[in-house]
Amino acid sequence: MLNVKMKKFIAYFDYLGFKQFIDNNDVDYQKRIIGNIFRDIENALAKEKLKHTSHGSVVADLSQSRINCINFSDTVIFWTNDDSEESLKEILEVAHIFNWHAIDYFFPARGSVVYGEIEYVDFQQKNEMGGLYNINSVFGKGLVRAHEKAEMQHWAGTVLDSSLTEEIVRRNYDIETFLQPYAKKYKVPYKKNLELSDEYVLCLVTGQLNDEAFKNYSKNVRENFAKHKKSVDNDDVRKKIENTIQFLQSFMPMNANIE
């Protein structure tokens, strides 16, 4: 009998400037910001739904989430349990929320959403001496593709890989209508001036931006790249910021004046 691997939907992200954040801050500050990273992951998984705890605090409500997630260092990976329509819509919603929260407000990231193979292994064993053997591993061709697609990009943003968009078309969905709540077509800036046709990318805002909103979002992007003592004083980072703000500009009316 053939061992058929089920493809799944994968959203892969890595934070930009994470090494500098670690190098330039003490461990207490690192722990606080990592706690914020966990908060934002949970918020995306909960699709922004909150619940009150018995202690009177408010936390993300993960009770209805069907998405898996693993975070290690600067990498965040979401993936589905199957490739159903419900799973596709949920991974898009989760990735969309995570993407714009990170870039607009907290810690710039780049990413990709793909359709491919991913496997997960979870095992933990502690011994009487206090040692810990812990496996928390993801692997697969889909994950490799997601990583490579993310690494190619030269901005803070997230592209929907052709493996995903072609699968949507194969299922006879109207792709413009299906992706409208989450993504739009845009010419993604890649490293080494790689020229590709327009691709679907996750939106950073809803609707159009007026002049004032564009200035505010642009200011947020610049500040987020520099937060946590990250340097923006080199051509590579300046170009990422410029490319990200150009994408924001695409949400403005065609005849808008930009100072």
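Everything numeric here is computed off the predicted structure, so don't read it as measured data. Quick note: residue numbers are just sequence positions, from 1.
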Trainee: Could you check whether His154 and Tyr190, counting side-chain N and O atoms only, form a donor-acceptor pair closer than 3.5 Å?
Mentor: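 No, no side-chain donor-acceptor contact under 3.5 Å.
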Trainee: When you look at Tyr15 and Val76, which way does the side chain to side chain contact (heavy atoms under 4.5 Å, CB included) test go after all the steps?
Mentor: CA-CA 8 Å; Tyr15 289 110; Val76 181; 3.9 Å; yes
Trainee: For Phe21 and Phe107, what are the C-alpha separation, side-chain angles and deciding distance, and is it a ring-ring contact (aromatic ring centres under 6.0 Å, His included)?
Mentor: CA-CA 10 Å; Phe21 151 64; Phe107 206 126; 5.8 Å; yes
Trainee: Are the side chains of Val113 and Asp161 in contact, using a 4.5 Å heavy-atom criterion?
Mentor: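 No, every pair of side-chain atoms sits at 4.5 Å or beyond.
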Trainee: Could you tell me how the ring of Tyr182 sits relative to the ring of His96: parallel (under 30°), tilted (30 to 60°) or perpendicular (over 60°)?
Mentor: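 Perpendicular.
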Trainee: If you define the side chain from C-beta out and look only at heavy atoms, does anything of Gln20 sit under 4.5 Å from Ser231?
Mentor: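 Side chain of Gln20 against side chain of Ser231, heavy atoms only: contact under 4.5 Å found.
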Trainee: Kindly indicate whether the side chain of Phe251, heavy atoms from C-beta on, has any atom under 4.5 Å from the side chain of Thr206.
Mentor: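 Phe251 does not reach Thr206 side chain to side chain.
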Trainee: Can you list the residues that meet the salt bridge (Lys or Arg N to Asp or Glu O under 4.0 Å) rule with Lys219, with sequence neighbours excluded?
Mentor: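 Partners of Lys219 under the salt bridge (Lys or Arg N to Asp or Glu O under 4.0 Å) test: Glu223.
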Trainee: side-chain contact (heavy atoms from CB on, under 4.5 Å) with Ser250: which residues, sequence neighbours excluded?
Mentor: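 Lys184, Tyr186, Phe247.
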Trainee: Verify the neighbour count for atom CD of Gln64: are there more than 12 heavy atoms of other residues, nucleotides or ligands below 6.0 Å?
Mentor: no
Trainee: Looking at side-chain heavy atoms only, is the closest gap between Thr80 and Asn68 below 4.5 Å?
Mentor: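 They are not in contact (no side-chain heavy atoms under 4.5 Å apart), so the answer is no.
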Trainee: Does the plane of the ring in Phe98 sit parallel, tilted or perpendicular to the ring in Phe13? Use 30° and 60° as the thresholds.
Mentor: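 Ring orientation of Phe98 relative to Phe13: tilted.
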Trainee: Check the pair Arg222 / Ile245 against side chain to side chain contact (heavy atoms under 4.5 Å, CB included), numbers first and verdict last.
Mentor: CA-CA 9 Å; Arg222 295 183 189 280; Ile245 291 175; 3.4 Å; yes
Trainee: Who pairs with Lys230 by side chain to side chain donor-acceptor pair (under 3.5 Å), at least two apart in sequence or on another chain?
Mentor: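 Lys230 satisfies side chain to side chain donor-acceptor pair (under 3.5 Å) with no other residue.
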Trainee: Hey, does Leu202 have a side-chain heavy atom less than 4.5 Å from the side chain of Trp100?
Mentor: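 Side-chain contact under 4.5 Å: no.
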Trainee: I'd like to check the salt bridge (Lys or Arg N to Asp or Glu O under 4.0 Å) partners of Lys141; sequence neighbours left out, ordered by chain and number.
Mentor: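 So Lys141 forms no salt bridge (Lys or Arg N to Asp or Glu O under 4.0 Å) with any residue.
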Trainee: My understanding is that only residues two or more places apart in sequence, or in another chain, count here; which of them pass side chain to side chain donor-acceptor pair (under 3.5 Å) with Asp174?
Mentor: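 Per chain and number, Asp174 pairs via side chain to side chain donor-acceptor pair (under 3.5 Å) with Thr177.
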Trainee: Run the salt bridge (Lys or Arg N to Asp or Glu O under 4.0 Å) test against Asp14 and tell me which residues pass, sequence neighbours left out.
Mentor: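 In terms of salt bridge (Lys or Arg N to Asp or Glu O under 4.0 Å), with neighbours along the sequence ignored, Asp14 is linked to Arg110.
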Trainee: Which residue pairs satisfy the salt bridge (Lys or Arg N to Asp or Glu O under 4.0 Å) criterion with at least one member in residues 79-108, sequence neighbours excluded?
Mentor: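 Matches after skipping sequence neighbours: Lys47-Glu90, Arg66-Glu90, Asp83-Arg171, Glu85-Lys89.
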Trainee: Among all residues two or more places apart in sequence or in another chain, which pass the side chain to side chain donor-acceptor pair (under 3.5 Å) test with Asp26?
Mentor: none
Trainee: Mind checking what makes ring pair (Phe, Tyr, Trp, His ring centres under 6.0 Å) contact with Tyr29, not counting sequence neighbours?
Mentor: His228
Trainee: Sequence neighbours excluded, which residues qualify as salt bridge (Lys or Arg N to Asp or Glu O under 4.0 Å) partners of Glu42?
Mentor: none
Trainee: Given the side-chain rings of Trp79 and Tyr120, with only the six-membered ring counted for Trp, is the space between their centroids under 6.0 Å?
Mentor: yes
Trainee: Would you check if there is a donor-acceptor pair between the side chains of Ser87 and Ser84 at a distance under 3.5 Å?
Mentor: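 Distance-only check passes for Ser84 and Ser87.
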Trainee: Anything under 30° is parallel, anything over 60° is perpendicular, the rest tilted; go ahead and classify Tyr105 against His101.
Mentor: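 Rings of Tyr105 and His101: perpendicular, as their planes differ by over 60°.
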Trainee: How would you list all residue pairs meeting salt bridge (Lys or Arg N to Asp or Glu O under 4.0 Å) that involve residues 236-251, not counting sequence neighbours?
Mentor: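 Pairs touching residues 236-251 that pass the test: Asp233-Arg238, Asp235-Arg238, Asp236-Lys240, Lys239-Glu242.
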Trainee: Please name all residues satisfying side chain to side chain donor-acceptor pair (under 3.5 Å) with Asn99, sequence neighbours left out, ordered by chain then number.
Mentor: Thr158
Trainee: Please examine the side chains of Leu179 and Leu92, heavy atoms only from C-beta on, and report whether any two atoms are closer than 4.5 Å.
Mentor: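 A side-chain contact exists here, since the closest heavy-atom pair is under 4.5 Å.
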Trainee: What I'd like to find out is whether the side chain of Arg32 reaches to under 4.5 Å of the side chain of Asp28, using heavy atoms alone.
Mentor: no
Trainee: Is there a side chain to side chain contact (heavy atoms under 4.5 Å, CB included) between Asn224 and Ile103? Walk through the geometry before answering.
Mentor: CA-CA 7 Å; Asn224 286 341; Ile103 297 169; over 6 Å; no
Trainee: Side chains of Thr75 and Asn71: does their closest heavy-atom pair fall under 4.5 Å?
Mentor: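 No; the side chains remain at least 4.5 Å from each other.
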Trainee: If you count heavy atoms of other groups shown closer than 6.0 angstrom to NZ of Lys191, is the number above 12?
Mentor: yes
Trainee: Going by atom types only, do Glu167 and Tyr173 share a side-chain donor-acceptor pair under 3.5 Å?
Mentor: no
Trainee: Taking the six-membered ring of Tyr115 as reference, does the NZ or CZ atom of Arg170 fall below 6.0 Å from its centre and within a 45° cone about the axis?
Mentor: no
Trainee: Could you tell me whether Glu212 and Lys215 make a salt bridge, using a distance below 4.0 angstrom between a side-chain N and a carboxylate O?
Mentor: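 No.
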Trainee: For His52 and Ser57, run side chain to side chain contact (heavy atoms under 4.5 Å, CB included): C-alpha distance rounded to whole Å, both residues' side-chain angles, the deciding distance at 0.1 Å, then the answer.
Mentor: CA-CA 6 Å; His52 293 275; Ser57 60; over 6 Å; no
Trainee: Starting from the C-alpha separation in whole Å, work towards a yes-or-no answer on side chain to side chain donor-acceptor pair (under 3.5 Å) for Glu176 and Tyr200.
Mentor: CA-CA 9 Å; Glu176 285 284 342; Tyr200 284 97; 2.8 Å; yes
